[in-house]
Structure formats: structure tokens, C-alpha cells
Amino acid sequence: MNTRHVLATSLLLCMPLLATAAAPAPLTPEQTFDLYARVMLEDDAAAARTLNDALRPAYDGQDPIDFNKGAFATALASPLQGLLTAAGTDDARIKAMPAVVAANLGKTHCRAQRSTLRDNDAVDGAKIATVDFSCQVTALDDLRPLFDASVANNTPAGLKRFTDAYVAALSSGPRREVRGTVDLYPAKDNGYWYSGNLDALVAPVVDALLPFDAWQQDAAAKDAPTVTGVASCDLLLQQHRQCVAKIAPEQLNGVDAMAEELKDKAQTQSVEAMVQECKALRSIVEMMWTDACR
């Protein structure tokens, strides 16, 4: 389920039009990012109004932001409600999950730390602003043993022990910092900044709140040869090598090249950045796999 992509594209914006009306003082990339984060993650209606006021001239006088309070939290809560149902949780707690998730997201406080400008090679004279940001997310690593046990036992009782602890952590657990980057693009005269990839904004938060796939990959990666030192990347390389060996062994040199490239990147990039890169890479290479690889 690509929750963040569906929501990101439905919640906010399309490519802006050329401005036809006088604009207020343009927002900086940092200010723009903070407003996006407040709208998407914190259900901040005032931020939506401010962002619409700033971007309206770039959208031919129309409001680009369709503020839908609780939409993101509701979508994130949906798979959690499925888990609670499987665990035999009572209906009242299941129905309360969107509100629990919304309250949790309201404390993420994703904010820009800095931005850097670079030339946009695809558009003459245009710039791209890369915004570095940080968020405060719930720390869930201490729940990993309960999760692993629930997977191993595969019983409603084991799953309920995990989900009870998970919901409690979402409600009042400690927080940790995660970081990310997102590119913002100018709509006109480098004055109106917008995001062309809202996935990058919400990804660190979604991955932190829904770490289950990553945990399962980590478990599966224990037997994978260490190439990058990042479990999800090493598992991907192992699986892709095994697949290519079955369906196109003459292309194994391409897998070797991929491994070397990821190994080099792992020397300079953070684990979080490598996890995101390999997640994106997985979606690409899995399209090459046949049924023999699955």
C-alpha cells in the first residue's frame, strides 16, 4: 500500500499555472515547507490559508490547497485498524484509531532546518531549493521483540500484545528525531515554491509510524551477504541477484555494478537516506522480476 503517495497527490497540488495576478511577498523555501508540513501532518487550517494566499497568484487565482482535516491520519490508520481487527480488539478502540494517529501526527513538528539552491538543468534560468528538515516521531524500536514474537507465533493473542503496546506508544510514547530532504520548485520567477514530490515530505514520518515492512525485511536480511551494511539494501541485492541468476544470468554483471554503486553511496550517505534509496530502487527492480523470482 503506497499510502503516502495516494494522499500526497490527493491532498494538495498539481503543477502550478503562470501567475496572472499580483502576488503577496513570496515565501522562502523554508517557510513553504513548514506550511506544507503543518497542513499535511498537523491539520493546521491557518497554515492552509497562508499557503493558499501565497500560492494563489501562481495558480491563476485559484486555491491550490484543498484542506481536508484528518484525511492523512485516516489513511494511515486504515492498515492499523486491520491489525486491531485481526487481534480481536474491541470496536471502540478500532474506530478511535484515526483520532489516535491524528494526535500523534500533530506532535511530529516537521520543520525546515535550512535550504540550498542549485540550478535546474531542465529549465533555463530556474532554480531548485533542497530543504533539509527534521521531525519528531514516536520511538518504536523497543516494540520490535513483541512484533517479532507476534509474527513467529501468528496468533491473535500474540498480535494483541503487540498492538496494545503499539497503540499505547502512539498515544504517549517517547519521541526521536528523523531527518529528510525535499526539493521545492519555483512556479514563476523563482518566487513561488511548490513541492513536486510530497512523498519525500511524509516518507520519514510514515516509515517511522508504520515500520512493519522494514522490520520484516530486516529479519529476512539476516542471512543476506553484507554489501552496504544497510539491511534493506543488502536484502534487495541478494534477492535481485538470485532472480537475475534464474531469468537472465548473462546480466549478472549489472547486479554487480548496482552493488558497487550502492556500496559506494553507503560510505557517504546516512542509513536513513540509503533505506529510502533502496526502497525506491526495489520498486524499479521488482518490475523486472518474473513469477519465478517471487
Side-chain angles (χ1 to χ4, degrees), residues 1-5 76 79-80 82-84 86-87 101 104 108 134-155 158-170 173-181 199-200 202-245 255 258-287 289 293-294:
M1 180 187 67
N2 196 348
T3 302
R4 62 175 181 264
H5 177 73
L76 281 185
L80 301 177
L83 282 178
L84 295 180
V101 173
N104 184 283
T108 51
S134 65
C135 308
Q136 299 297 318
V137 299
T138 300
L140 297 174
D141 286 348
D142 287 348
L143 304 186
R144 178 71 181 272
L146 282 175
F147 175 80
D148 291 343
S150 72
V151 173
N153 297 336
N154 195 27
T155 63
L159 181 58
K160 191 170 189 306
R161 282 191 292 272
F162 166 70
T163 55
D164 284 351
Y166 176 80
V167 173
L170 290 190
R175 301 220 162 216
R176 64 182 179 89
E177 182 181 79
V178 295
R179 292 180 174 273
T181 62
D199 285 5
V202 300
V205 173
V206 174
D207 291 345
L209 291 185
L210 302 175
F212 315 129
D213 287 345
W215 285 353
Q216 289 180 316
Q217 285 187 11
D218 284 348
K222 289 180 179 178
D223 297 327
T226 300
V227 178
T228 66
V230 179
S232 59
C233 295
D234 290 340
L235 177 63
L236 173 61
L237 288 170
Q238 181 192 48
Q239 293 172 329
H240 191 45
R241 181 177 296 280
Q242 291 171 344
C243 178
V244 173
V255 182
M258 179 190 299
E260 286 301 314
E261 181 177 354
L262 289 176
K263 182 178 179 180
D264 289 342
K265 287 185 176 181
Q267 302 302 311
T268 59
Q269 295 188 17
S270 67
V271 172
E272 291 82 2
M274 289 300 299
V275 168
Q276 293 302 321
E277 173 140 354
C278 290
K279 179 179 294 186
L281 185 59
R282 175 176 287 276
S283 65
I284 296 172
V285 301
E286 284 185 347
M287 290 190 292
W289 296 358
C293 305
R294 303 181 188 281

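The structure displayed is predicted, hence computed values, not measured ones. Note: hydrogens, waters and symmetry copies are ignored here, and every other heavy atom, side chains too, is used. Residue numbers start at 1 and run along the sequence shown.
Summarising the geometry of Leu210 relative to Pro79, their closest heavy-atom pair is CD1-CG, 4.5 Å, with the distance given to 0.1 Å. In terms of heavy-atom proximity, Met287 sits nearest to Ser283 at CG-O, 3.4 Å. Between Ala200 and Pro204, the shortest heavy-atom contact is O-CD, 3.5 Å. Here the closest non-hydrogen pair linking Ser232 and Arg282 is O-NH2, 4.3 Å. Contact between Val255 and Leu237 at its shortest, heavy atoms only, is CG1-O, 4.4 Å.
The SG atom of Cys233 sits 14.0 Å away from the NZ atom of Lys263 when rounded to the nearest 0.5 Å. Atom OG1 of Thr228 is separated from atom CD of Glu260 by 11.5 Å, given to the nearest 0.5 angstrom. Rounded to the nearest 0.5 Å, atoms CG (Leu146) and CZ (Arg161) are 8.0 Å apart. To the nearest 0.5 Å, atoms NZ (Lys279) and CG (Asp213) are separated by 8.0 Å. Taking SG from Cys243 and CZ from Arg294, the interatomic distance works out to 7.5 Å, rounded to the nearest 0.5 Å. Between atom CG of residue Leu143 and atom CG of residue Asp164 there is a gap of 11.0 Å, rounded to the nearest 0.5 Å.
Taking the side chain as every heavy atom from C-beta outward, Gln136 and Arg176 never approach each other to under 4.5 Å. No side-chain heavy atom of Leu262 sits less than 4.5 Å from a side-chain heavy atom of Asp234. Counting only heavy atoms from C-beta outward, the side chains of Met258 and Val244 never approach each other to under 4.5 Å. Between Leu235 and Gln238, some side-chain heavy-atom pair lies under the 4.5 Å cut-off. Looking only at side-chain heavy atoms (C-beta outward), Trp215 and Leu140 come within less than 4.5 Å of each other. Between Leu80 and Tyr166, the closest side-chain pair of non-hydrogen atoms falls below 4.5 Å.
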Determine whether Arg175 and Asn104 satisfy the following criterion, side chain to side chain contact (heavy atoms under 4.5 Å, CB included), listing intermediate values before the conclusion. CA-CA 10 Å; Arg175 301 220 162 216; Asn104 184 283; 3.3 Å; yes
Step-by-step side chain to side chain contact (heavy atoms under 4.5 Å, CB included) determination, Thr108 to Leu209: CA-CA 11 Å; Thr108 51; Leu209 291 185; 5.6 Å; no
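With 3.5 Å as the limit, one finds a donor-acceptor pair spanning the side chains of Gln276 and Asp207.
Taking the six-membered ring where the residue is Trp, Trp289 and His240 present parallel rings, their angle staying beneath 30° rather than reaching 60°. Between Phe147 and Phe162, the ring planes are perpendicular. Angles over 60° get that label, and only those under 30° would be called parallel.
We find that Asp218 and Arg144 are joined by a salt bridge, their nearest charged nitrogen and carboxylate oxygen being less than 4.0 Å apart.
Heavy atoms from other residues, nucleotides or ligands lying under 6.0 Å from CG of Asp264 number more than 12.
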